[in-house]
Protein chains: 2
Amino acid sequence: MTGSGLPPQDFEALRMAILERKAELPKRLTQVAAYALDHPDEIAFGTAASIASSAQVQPSTLVRFAQHFGFDGFSGLQQLFRLRLRERNSSYEDRLRSLEEGGPALSESAGILNKFISAAHSSVDSLANAVDPENFDRAVSILARAETIYLIAKRRSYPISNYMAYAFGKLKVRCQLVGTAAGIDDDLLAFASEKDAAFAVSFSPYASESAAQARALAGRNVPLVSLTDSAFSPLAECSTVWFELVEADHAGFRSLSGSMAFAMALTVSVAEKRRRG
Amino acid sequence: MTGSGLPPQDFEALRMAILERKAELPKRLTQVAAYALDHPDEIAFGTAASIASSAQVQPSTLVRFAQHFGFDGFSGLQQLFRLRLRERNSSYEDRLRSLEEGGPALSESAGILNKFISAAHSSVDSLANAVDPENFDRAVSILARAETIYLIAKRRSYPISNYMAYAFGKLKVRCQLVGTAAGIDDDLLAFASEKDAAFAVSFSPYASESAAQARALAGRNVPLVSLTDSAFSPLAECSTVWFELVEADHAGFRSLSGSMAFAMALTVSVAEKRRRG
DNA sequence: CCACGTTCGGAACGTATATTCTATCTTGAC
DNA sequence: GTCAAGATAGAATATACGTTCCGAACGTGG
């Protein structure tokens, strides 16, 4: 008797089983377990031999590993990894493609909508990849300890800071929206001190006022967190912490989908951190 | 000599090549071509034998098919199908899972960020599913023929109309943002006539002014397009065309990612339609 | 109707595969 | 230190795989 009852029926179940028994597994099997969870794609596509060499293990070890989890052999386990990839993809992209293929038949408007949906989708994806959790954490800390948070954004970025101001208001976090009425911005920012902090958003082509205001604040040692779309942005050089987010666009118009998600995450995180002390 | 120059390097190129040459392909190869594009997953995971029997073809035909597109054999072609699945999944969901697994180890902020990314993702997805292309087309037509577009939104929806106003400005479409300064909103709206149109956004809990303004406009036969989150919204009943979009939220705070994508698609579509006449 | 080139089906081939088996090694208890 | 139980490495094996090959079928132009 090698296995342990019935094998898991789907990938999730297998994952749980592996995590559960990971501690009590022999050395080489632990090695396989770690490799399997870290490189599921390799397991799905590779051959027993190639996987074994990648994981620095003998092919037979893979078979034993599979049998420990109730499979007949390695192949049975592999099928679960393949199933996972199959099911994952069924929804979103295929829909886009099918719409795209209907191309000429569809109205132009529907085409534009799909482009924006697609752009929003990839913006959110790139947000997921671009933001380093540690940096995010630092940004949250900086803003959370500020007395007043100054929100700097012009033109296309303004809706972001506007929404943040709304949310901060709901969350009882004091903030000052900069860029709303003409002229008094710099007067407002003159109040900012080291005890405060600022959050600036600017995408190419960068609004010169935003950059100037950011620099001014940085010069007076006001901690500055910023969101921009390039390392060469004027915001990047004067920020305490900055994030690079490239919003996918359609015909030059970005949907701000990624930025909005980021902004809300930041806003809520700050409020949460402040609430917990 | 069997192949035709160099084989495609990625799945998309292969797809194009197949579609391009589909007409001039022999009978059985056409059969394979159709099967390949319809069941890409089968090709990625199956064996030559299993695929052949599914497609009602001989295994050798698969090899010939691959060779027609410049591959050495069937395996080379299969790798492209596998690569596609690999790359599709590499970014988003795995990252979420890995962060989710780090759970307790991760900071709370990172967790919140991921929740918002996830919410944004599903908002955009539901946008793709919820918006009927024909309705969208009607909405675009209504707004495109308006002399002035009135944008009605309060509170959390305001950033959406704000961004639309910015984009409409860039696109040289006349619009009037309603809800910016206190008091004069109704005076502004008094100018609206049947030749104009309005776009209203309101999510639960609905701002009473937005609903009232929308009703007033509808009563004066001003065409009204609206974006809201329920069929029971006060906006739904008085709109010429309306869209239901449920934004996924985290802790009650929506990221507006889906709404933003929708708004920009609408804005650009209107401008485009107007430009073309 | 015939010759020719192309396409197809199916068997044959060599290879690579997953699995099994066994000798060796490790582990831990007494 | 010894022994037993389990785990591992690596060779052995039987299987299944992708590919190749060749004769038959098909369609075409003369």
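Bear in mind that the values here come from a model prediction, so they are computed numbers and not experimental data.
Between Phe71(A) atom CZ and dT19(C) atom P the separation is 12 Å, expressed in whole Å. Rounded to whole Å, atom C1' of dT8(D) lies 11 Å from atom CD of Gln31(A). Summarising the geometry, the separation between CD on Glu24(B) and P on dG27(D) is reported as 19 Å, rounded to the nearest angstrom. Distance, Leu25(B) CG to dT7(C) C1': 11 Å, rounded to whole Å. Distance Leu62(A) CG to dG10(D) P: 14 Å, rounded to the nearest Å. In this structure, Phe65(B) places its CZ atom 16 Å from C1' of dC8(C), rounding to the nearest Å. Following rounding to the nearest Å, Leu77(A) (CG) and dA18(C) (P) show an atom-to-atom distance of 12 Å. One interatomic measurement links the two molecules: NZ of Lys27(B) to P of dC8(C), which rounds to 8 Å at whole-angstrom precision.
Across dT8(D), dA18(C), dC17(D), the shortest atom-to-atom separation from the side chain of Phe74(A) is found for dA18(C). The Leu29(B) side chain lies nearest to dC8(C) when the options are dC17(D), dC8(C), dT8(D). Checking dG18(D), dA18(C), dT7(C) against the side-chain heavy atoms of Pro26(B) singles out dT7(C) as nearest.
Side-chain atoms of Asp229(A) do not come within 3.5 Å of backbone N or O of Phe203(A) as any donor-acceptor pair. For the pair Arg21(A) (side chain) and His68(A) (backbone), a donor-acceptor distance under 3.5 Å is present.
Each of Arg64(B) and Ser75(B) was assigned the nucleotide of DNA chain D with the nearest heavy atom; the assignment lying further toward the 5' end belongs to Ser75(B).
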All N/O pairs under 3.5 Å across the protein-nucleotides 20-24 of chain C interface:
{"from": "dT20(C)", "atom 1": "OP2", "to": "Gln67(A)", "atom 2": "NE2", "distance (Å)": "3.2"}

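Aromatic ring centres of Phe65(B) and Phe71(B): separated by at least 6.0 Å.
Listed by chain and number, the residues in a salt bridge (charged side-chain N to carboxylate O under 4.0 Å, His left out) with Glu42(B) are Arg86(A) (sequence neighbours excluded).
Considering only side-chain N and O atoms, Gln58(A) lies under 4.0 angstrom from the phosphate OP1 or OP2 of dG10(D).
Ring-plane geometry between His121(A) and His121(B) is classed as tilted, the angle between the planes lying from 30 to 60 degrees on a 0 to 90 degree scale.
Other residues, nucleotides and ligands contribute more than 12 heavy atoms inside 6.0 Å of the CG atom of Asn135(A).
Listed by first then second residue, pairs satisfying side-chain hydrogen bond (donor to acceptor under 3.5 Å, both in side chains) with a partner in residues 53-62 of chain B read Thr61(B)-Arg64(B), not counting sequence neighbours.
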